[in-house]
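Structure provided below as structure tokens; questions to follow.
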Amino acid sequence: MSIELDKEFRIDDKLRKKLNSEKHRLAEFFRKINLVDDKYIEAFIRVPREYFVLPTYVRYAYSDMPCSIRRDATISAISMCLLMCKYAELDIGKTVFEIGTGSGYNAALCAEIVTGGRKEPIEPKPVCSMEIDPVLYEFGRKNLERLNYLNVVDVRLGDGTQGWPEDRFFDAIIVTAAGRIIPEPLKKQLKIGGVLVMPIDLGGYDWQVLVKVKRIAEDKFIERDLEAVRFVPLRGKYGIFK
Ligand code: SAH
């Protein structure tokens, strides 16, 4: 499979018009079915997904489908990204740690929600995102940089299952790949009242259960199953494979 990570893609006026109208139609649909609160839909409208997908898929950027970025990585469907943000209870002023930067799209969406659309520098950055694959790390970082998100998103290369390398606690942790267990280092980096959302592979099925974990006290966590989902496998120390 050829990877077109560096190719520039020109979006002409005709295509831009088509993308805009599809984006707004999808936003209206999400509103109609009451998928998520308006603040999430407004964030979706602000993030140009066409700059995160591979050039081949630009014209499908606003089809609500997962989109392949490499053999083992996909940007989730738009509705899935929005639901993950809702389940993680994202809101203005909150901090997020995402495991699996991929294209950077979900990190950008999280950034739009927690900053309310501001891109002036914030320290420490409210969104932290980690990617284990060096090629995807470069891809995601470049996409985020081009759209000016690096003021508010800290992207690092490494194994996210081992936690963020600094002493930080997060309001929300979103794992965008499926593992068998909830990595202990991630539970430790949740604030009290914080929420972790992650797909859990039960073994033997081609789908996983999306699980929500809320830390309600120093050593007390409440776990709840949300829905059946399909994500790529989580790698790393606490993942399915190295
Ligand atoms: N959130 C991404 C897509 C996620 S696909 C987006 O919006 O585009 C899942 C990603 O998780 C892949 O890029 C994969 O390389 C990455 N990944 C898998 N295991 C990981 C780990 N242990 N730490 C960090 N990233 C990981």
Side-chain angles (χ1 to χ4, degrees), residues 1 3-5 40 43-44 47-55 57-58 60-85 87-88 90 96-113 127-147 149 153-165 170 172-187 189 196-201 208 210 229-242:
M1 180 186 175
I3 305 167
E4 306 161 87
L5 300 187
Y40 298 114
F44 154 65
V47 184
R49 194 166 183 261
E50 59 273 31
Y51 289 112
F52 292 90
V53 298
L54 294 179
Y57 301 121
V58 166
Y60 309 113
Y62 295 100
S63 301
D64 188 21
M65 294 186 306
C67 199
S68 170
I69 39 181
R70 270 196 100 187
R71 204 148 55 96
D72 245 353
T74 49
I75 312 183
S76 300
I78 299 164
S79 51
M80 188 74 252
C81 293
L82 288 169
L83 284 172
M84 294 279 271
C85 293
Y87 295 143
L90 294 196
V96 197
F97 176 22
E98 179 199 35
I99 291 85
T101 314
S103 67
Y105 176 74
N106 197 53
L109 190 62
C110 292
E112 290 286 353
I113 297 165
V127 180
C128 295
S129 184
M130 194 167 263
E131 174 55 56
I132 201 165
D133 179 300
V135 178
L136 284 171
Y137 163 76
E138 286 301 331
F139 178 55
R141 189 185 178 83
K142 219 157 104 189
N143 291 340
L144 289 163
E145 185 174 23
R146 175 163 64 168
L147 294 163
Y149 281 108
V153 182
D154 197 340
V155 198
R156 309 255 179 112
L157 175 65
D159 174 11
T161 69
Q162 299 189 53
W164 189 252
F170 299 94
I173 299 182
I174 298 179
V175 186
T176 66
R180 297 243 159 81
I181 51 156
I182 295 158
E184 226 19 68
L186 296 183
K187 287 168 84 174
Q189 286 190 325
L196 176 150
V197 182
M198 172 177 174
I200 295 289
D201 191 315
Q208 306 101 27
L210 192 63
V229 290
R230 205 163 169 190
F231 280 77
V232 301
L234 183 66
R235 294 169 51 192
K237 186 169 175 192
Y238 299 89
I240 292 180
F241 66 97
K242 302 276 175 233

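Counting convention: from 1, in listed order, for ligands and their atoms alike. Note that the structure is predicted; figures quoted are calculated from it, not measured.
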- prompt: Any idea which heavy atoms bring Pro199 and Val229 closest together, and the distance?
  reply: CB-CG2, 3.9 Å
- prompt: Below 4.5 Å, heavy atoms only, C-beta onward: do Asn143 and Tyr105 meet side chain to side chain?
  reply: no
field: Exercise: identify the closest heavy-atom pair between Trp164 and Arg156
entry: CH2-CG, 3.1 Å
- line: Ranked by distance from atom 23 (N) of ligand 1, the top protein heavy atom is Gly160 N, 2.8 Å
query: Which atoms from ligand 1 have a heavy atom of Val232 less than 4.0 Å away?
result: 5 (S), 9 (C)
query: What is the nearest protein non-hydrogen atom to atom 17 (N) of ligand 1, stated with its residue, atom name and distance?
result: Ile132 CG2, 3.8 Å
query: Relative to ligand 1, is Leu136 under 4.0 angstrom through side chain, backbone, both or neither, heavy atoms considered?
result: side chain
field: Met130, portion touching ligand 1 at heavy-atom distance under 4.0 Å
entry: backbone
task: Give me the one residue out of Thr176, Thr101, Asn106 that meets side-chain hydrogen bond (donor to acceptor under 3.5 Å, both in side chains) with Ser129.
output: Thr101
- prompt: Got the closest protein heavy atom to atom 3 (C) of ligand 1, with its distance?
  reply: Thr74 O, 3.1 Å
query: Heavy-atom distance under 4.5 Å between the side chains of Phe52 and Ile69, does that happen here?
result: no
query: Which heavy atom of Thr74 sits nearest a heavy atom of Ser68, and at what distance?
result: CG2-CA, 3.7 Å
- prompt: If we only count N/O pairs under 3.5 Å, is Asp133 in contact with ligand 1?
  reply: no
message: Going by the rule side chain to side chain contact (heavy atoms under 4.5 Å, CB included), which residues pair with Ile240 if we only count those two or more places apart in sequence or in a different chain?
response: Arg180, Asp201, Pro233
Heavy-atom closest contact (Val135 atom, Arg70 atom, distance): CB-NH1, 4.0 Å
- prompt: Do any heavy atoms of Gly158 fall under 4.0 Å from ligand 1?
  reply: yes
Asp133 side chain reached by Phe139 side chain, heavy atoms, under 4.5 Å: no
message: Looking at ligand 1, would Leu109 count as a contact under a 4.0 Å heavy-atom criterion?
response: no
query: Hey, is ligand 1 close enough to Gly100 that some N/O pair sits below 3.5 Å?
result: yes
message: If you compare all heavy atoms of Leu109 against all heavy atoms of Cys81, which two are closest, and at what distance to 0.1 Å?
response: CD2-CB, 3.7 Å
query: ligand 1 versus Thr101, non-hydrogen atoms closer than 4.0 Å: side chain, backbone, both, neither?
result: backbone
query: Nearest to atom 18 (C) of ligand 1, what protein heavy atom do you find, and at what distance?
result: Arg235 N, 3.7 Å
Sub-3.5 Å N/O-N/O distance, Ser103 and ligand 1: yes
Heavy atom of the protein closest to atom 14 (C) of ligand 1 (residue, atom name, distance): Glu131 OE2, 3.4 Å
message: Students should be able to answer this: which protein heavy-atom is nearest to atom 9 (C) of ligand 1, and at what distance?
response: Thr176 O, 3.4 Å
field: Identity and distance of the protein heavy atom lying nearest atom 7 (O) of ligand 1
entry: Asn106 N, 3.1 Å
- prompt: Looking at Ala73, which atoms of ligand 1 are within less than 4.0 Å of one of its heavy atoms?
  reply: 12 (C), 13 (O)
message: Test of understanding: given a 4.0 Å heavy-atom threshold, classify the contact between Glu98 and ligand 1 as side chain, backbone, both, or neither.
response: side chain
task: Would you mind reporting whether Val96 and Phe170 have side-chain heavy atoms less than 4.5 Å apart?
output: no
